[in-house]
A.B. asks: 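My questions all concern the structure below.
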Amino acid sequence: MKHFFKLLLLLSSSLFAIENHPYIDGVAVIDVGVFKEKPKIFYKAKEAKVILKKNHYFAIIGIGLNEKAGKKHIVAVSKNKKKDFYFQVKSKSYKKEYIKLKTNKRVTLSKVDLERFHKEKAKAKKVLGSFNKTLSTDLDFKVPVSGRTSSPFGKRRYFNNKPKAPHSGIDIAAKRGTPIVAAQSGYVMIREEFFFNGNTIYLDHGEGIITLYCHMSDFAVNKGDFINKGDVIGYIGTTGRSTGPHLHFGVVLNANAVDPKIFIKDFL
Ligand SMILES: [Zn+2]
């Protein structure tokens with residue numbers, strides 16, 4: 001009997017595939033039909049990730065946080081211009097957090113820090129927009145560290161009623177030094193200390209999917225390494241702008257930050 005359940009578990013995990021979540025900051029999964037070989041699919045003139053499931057190909061599109069609900073988007077099949085597909089962005093309500101500050105004075109960065117921050121921002125933008133065709137992984141990710149979700153994805157933050165950037169990942173609180181594992185197999189494309197994000201690793205999983213791990217105390221891998229899903233890449237810390245030991249875990253799909261929970265079916 002035990003074996004039967006084990007088999008069921010194995011079957012369900014191998015059949016796992018992400019569902020269509022076409023809301024703002026979500027992922028649209030579009031059935032583009034049957035092709036002899038993997039088709040090239042384009043979204044906003046950029047190539048998109050495509051997966052095969054039961055003879056059908058599916059385009060996997062990350063939706064940006066600045067998109068408007070109700071807007072129709074085109075997913076284009078390059079070989080046959082007449083065979084375009086559409087999806088409509090759905091609205092979703094996110095948790096809001098209003099933070100009152102005594103003054104409107106911001107944290108002022110020194111000229112050197114500001115220059116550093118702008119350089120890092122430009123570097124991150126360039127890397128996150130890349131599309132590595134040499135690697136293709138499935139979308140069944142592993143929890144990088146177990147712990148309490150201290151801040152959910154997409155939380156809209158307001159300082160003195162002024163909207164700030166929404167939370168682009170998920171925060172998982174854990175003890176300092178707890179190992180952090182790779183959510184999926186991939187290459188270490190960034191391994192460095194950033195001004196706000198502290199010790200940071202970007203893993204490239206190919207076809208525009210990148211995972212981010214921030215505020216680590218230390219690294220366990222080097223830039224360029226190929227990491228298998230579940231391997232230790234670093235340790236929980238509180239480097240950068242952080243108020244306590246936690247992991248900021250992010251998933252980027254076609255340059256848009258999307259909800260990591262979509263990729264992890266057993267998220268705690
Ligand atoms: Zn965070």
Side-chain angles (χ1 to χ4, degrees), residues 21 23-27 62-66 92-99 101 106-107 109 113 116-118 120-121 123-125 127-128 141-159 162-184 186 188-205 209-219 232-253 255-264 267-268:
H21 293 269
Y23 47 76
I24 298 163
D25 297 0
V27 174
I63 302 165
L65 56 89
N66 294 319
K92 187 189 168 193
S93 60
Y94 286 99
K95 280 189 178 164
K96 286 176 184 169
E97 186 176 33
Y98 292 91
I99 298 156
L101 300 172
R106 290 188 196 162
V107 181
L109 302 186
D113 286 344
R116 180 182 163 190
F117 168 64
H118 283 304
E120 288 174 357
K121 206 176 158 188
K123 187 176 183 178
K125 197 181 169 192
V127 167
L128 294 175
F141 288 8
K142 200 175 164 67
V143 181
V145 68
S146 47
R148 182 177 59 90
T149 302
S150 52
S151 182
F153 174 83
K155 198 183 215 179
R156 268 57 178 168
R157 290 175 288 194
Y158 297 81
F159 287 88
K162 278 196 175 168
K164 299 284 275 185
H167 193 216
S168 61
I170 199 161
D171 288 348
I172 308 167
K175 250 179 87 181
R176 191 190 298 262
T178 308
I180 297 160
V181 302
Q184 181 56 279
V188 179
M189 67 195 321
I190 292 262
R191 176 208 186 265
E192 60 185 82
E193 193 220 335
F194 284 141
F195 186 73
F196 284 119
N197 289 334
N199 288 333
T200 298
I201 282 183
Y202 287 12
L203 290 184
D204 182 7
H205 310 292
I209 294 203
I210 293 154
T211 52
L212 285 68
Y213 311 79
C214 309
H215 310 299
M216 301 197 293
S217 64
D218 211 350
F219 301 112
V232 175
I233 55 167
Y235 305 93
I236 289 287
T238 183
T239 54
R241 187 186 270 184
S242 161
T243 53
H246 77 283
L247 171 71
H248 172 97
F249 173 57
V251 177
V252 168
L253 173 56
N256 290 321
V258 293
D259 190 348
K261 283 193 175 177
I262 294 171
F263 300 82
I264 303 176
F267 214 104
L268 298 170

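Please read all numbers here as calculations on a predicted model, not as lab measurements. Start at 1 and go down the list; that is how both ligands and their atoms are numbered.
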A.B. asks: Just checking: His215, one of its N/O/S atoms, less than 2.8 Å away from the Zn ion (ligand 1), yes or no?
C.D. replies: no
A.B. asks: Measuring from His118:NE2 to Phe195:CZ, what's the distance to the nearest 0.5 Å?
C.D. replies: 11.0 Å
A.B. asks: State the atom name: nearest N, O or S atom of Asp171 to the Zn ion (ligand 1).
C.D. replies: OD1
A.B. asks: What is the name of the N/O/S atom in His248 that sits closest to the Zn ion (ligand 1)?
C.D. replies: ND1
A.B. asks: About how many Å separate CD1 of Ile233 and CD1 of Ile180, when rounded to the nearest 0.5 Å?
C.D. replies: 6.5 Å
A.B. asks: If the test is side-chain contact (heavy atoms from CB on, under 4.5 Å), which one of Asn197, Thr239, Asp171 qualifies with Cys214?
C.D. replies: Asn197
A.B. asks: When rounded to the nearest 0.5 angstrom, what distance separates CG in Leu65 from CD1 in Ile24?
C.D. replies: 9.0 Å
